[in-house]
Colleague: 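Let me give you the structure first, and then I'll get to my questions.
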Amino acid sequence: MSGIIGKKVGMTSIFDAEGKNIPCTVIEAGPCVVTQLRTSEIDGYTAIQLAFDDKKEKNTSGPLKGHFEKAKTTPKRKLVEFKTFVDVKSLGDTVTVEIFAEGDFVDVVGTSKGKGFQGVVKRHGFAGVGGQTHGQHNRLRAPGSLGASSWPSKVFKGIRMAGRMGGDRVKVQNLQVMKVYAEQNLLVVSGSIPGAKGSYVIVDK
Amino acid sequence: MDLVKFVEDQAVEKKPASAFKAGDTISVHYKIREGAKERIQIYQGVVIQRNGVGTTETFTVRKMSNGIGVERIFPFNSPNIEKVEINSFGKVRRAKLFYLRELTGKASRIKTKRI
């Protein structure tokens with residue numbers, strides 16, 4: 001397994017070999033720099049830390065500046081650790097979009113768009129109250145009973161209720177890589193991925 | 001959005017611009033694959049809208065099939081479209097002819113432009 005950090009660019013649709021119109025997402029992925037190697041002797045586990053997206057030196061804290069200097073690279077915005085990597089890299093190496101090929105299946109991790117405070121129908125897929133007759137009014141999207149009276153006479157922990165929705169880490173599995181443009185660092189995957197345009201995503205192979 | 005446009009330009013083969021508009025009657029020659037065999041199906045009807053721009057443009061063709069209205073949306077740049085034949089140019093005052101959905105028979109005729 002190996003992966004890369006990217007940025008969601010937007011969606012479009014392209015035609016596959018059969019002429020089917022496939023909805024696709026364009027991801028600007030890499031180039032990422034290896035900024036740290038976690039080893040079992042020092043850290044107790046093995047992993048590779050990748051960095052992506054340049055930022056200004058004046059916006060970087062001193063400790064981070066030193067961290068990037070060790071890998072002989074410019075300061076970056078996003079740092080992510082990958083537990084397993086197919087070909088083990090060394091400090092300062094770059095990982096580009098070329099690790100993917102057309103036809104590969106990838107998983108994409110991102111942060112979903114925030115939806116604010118939402119009711120149970122949108123947040124948990126409750127059905128709401130069916131009809132408008134049988135004496136019911138003003139509770140079309142209500143959650144219904146939270147628990148019975150004499151037993152358990154309490155509300156169990158974890159009962160699904162209204163609340164903040166979105167802004168969660170979401171993983172979408174098995175998206176097919178449709179195109180790879182190494183020169184522009186672009187990756188085109190079929191289907192949609194979580195998050196807004198410009199948000200960071202992790203693409204795992 | 002520049003990068004999205006780059007992908008569209010690279011990945012989609014654009015067809016030459018076609019002059020048909022809403023109101024025109026066209027025949028779409030559509031390739032249909034059945035296993036290894038390929039045949040061409042002709043779908044004839046009135047264009048009721050052209051939607052979108054660039055590589056993702058689509059057009060909607062409406063026809064009456066045994067008294068039932070049928071609408072089909074084609075991607076303009078679809079490689080499965082062999083060709084689009086324009087049968088007649090319609091004279092309409094709108095770009096989207098959704099009012100045709102409520103009309104049948106004589107009322108749903110469209111005046112043709114003489115060229």
Side-chain angles (χ1 to χ4, degrees), chain A residues 4-32 52-54 96-98 100-104 106 108 110 175-193 195-201 203, chain B residues 1-18 20 26-43 45 47-62 70-85:
Chain A
I4 202 167
I5 316 167
K7 229 183 206 184
K8 180 171 169 179
V9 174
M11 288 193 75
T12 182
S13 64
I14 61 174
F15 299 98
D16 69 355
E18 282 172 30
K20 273 188 192 162
N21 200 359
I22 312 281
C24 293
T25 310
V26 182
I27 302 168
E28 193 181 359
C32 297
F52 171 64
D53 210 10
D54 281 332
T96 63
V97 79
E98 277 165 319
F100 302 104
E102 269 175 44
D104 283 357
V106 295
V108 179
L175 300 178
Q176 197 169 15
V177 174
M178 306 297 289
K179 299 271 175 201
V180 177
Y181 298 105
E183 221 167 276
Q184 283 78 16
N185 296 313
L186 289 181
L187 193 67
V188 183
V189 296
S190 71
S192 58
I193 65 172
K197 286 176 197 169
S199 63
Y200 290 110
V201 293
V203 186
Chain B
M1 290 306 284
D2 258 349
L3 292 172
V4 172
K5 197 164 183 309
F6 168 82
V7 170
E8 285 171 351
D9 290 345
Q10 293 283 315
V12 181
E13 208 178 311
K14 268 194 111 179
K15 295 201 169 177
S18 190
F20 67 84
I26 62 171
S27 316
V28 182
H29 295 240
Y30 197 78
K31 278 186 231 164
I32 288 180
R33 226 162 274 163
E34 288 163 336
K37 263 202 250 168
E38 203 181 79
R39 67 185 174 84
I40 283 173
Q41 191 184 59
I42 299 174
Y43 183 91
V47 180
I48 62 166
Q49 71 165 333
R50 286 183 72 153
N51 194 11
V53 284
T55 55
T56 54
E57 183 181 351
T58 61
F59 59 91
T60 309
V61 184
R62 180 180 171 87
V70 177
E71 276 176 25
R72 213 166 147 184
I73 302 167
F74 296 97
F76 187 84
N77 291 301
S78 170
N80 283 344
I81 295 177
E82 174 99 339
K83 65 171 177 181
V84 176
E85 219 177 299

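Proteins get letters first, then strands, A, B, ... in listed order; numbering begins at 1 in each. The basis for the numbers below is simple: all heavy atoms, side chains too, and nothing from hydrogens, waters or symmetry mates.
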Colleague: If you count every heavy atom of other residues, nucleotides or ligands that lies below 6.0 Å from B:Lys31 atom NZ, does the total exceed 12?
Modeller: yes
Colleague: When heavy-atom pairs shorter than 4.5 Å are enumerated against chain B, which of A:Thr12, A:Val26, A:Ile14, A:Asn21 gives the highest number?
Modeller: A:Thr12
Colleague: How about B:Glu38: does its CD atom have over 12 heavy atoms from other parts shown lying under 6.0 Å from it?
Modeller: yes
Colleague: Heavy-atom cut-off 4.5 Å, strictly under: side chain, backbone, both or neither for B:Val12 against chain A?
Modeller: side chain
Colleague: Can you list the residues of residues 75-85 of chain B that sit under 4.5 Å from chain A, counting heavy atoms only?
Modeller: B:Pro75, B:Asn77, B:Ser78, B:Pro79, B:Asn80
Colleague: Using non-hydrogen atoms only, which part of A:Glu28 is less than 4.5 Å away from chain B: side chain, backbone, both, or neither?
Modeller: side chain
Colleague: Side chain, backbone, both or neither: which part of B:Gln10 has a heavy atom under 4.5 Å from chain A?
Modeller: both
Colleague: Scan B:Asn51, B:Ile48, B:Val28 and name whichever one has a side chain to side chain contact (heavy atoms under 4.5 Å, CB included) with B:Phe59.
Modeller: B:Val28
Colleague: Going from CD1 on A:Ile27 to CD1 on A:Ile4, what distance comes out if it is rounded to the nearest 0.5 angstrom?
Modeller: 10.0 Å
Colleague: Describe, in one word, how the ring planes of B:Phe74 and B:Tyr30 are oriented to each other, choosing from parallel (under 30°), tilted (30 to 60°) and perpendicular (over 60°).
Modeller: tilted
Colleague: Of the non-hydrogen atoms in A:Lys179 and A:Glu102, which two are nearest, and what is the gap between them?
Modeller: CA-CG, 3.8 Å
Colleague: Taking the side chain as C-beta and beyond, is there a heavy-atom pair between A:Lys7 and A:Asp53 under 4.5 Å?
Modeller: yes
Colleague: In Å, rounded to the nearest 0.5 Å, how long is the span from CD1 of A:Ile193 to OG of A:Ser199?
Modeller: 7.0 Å
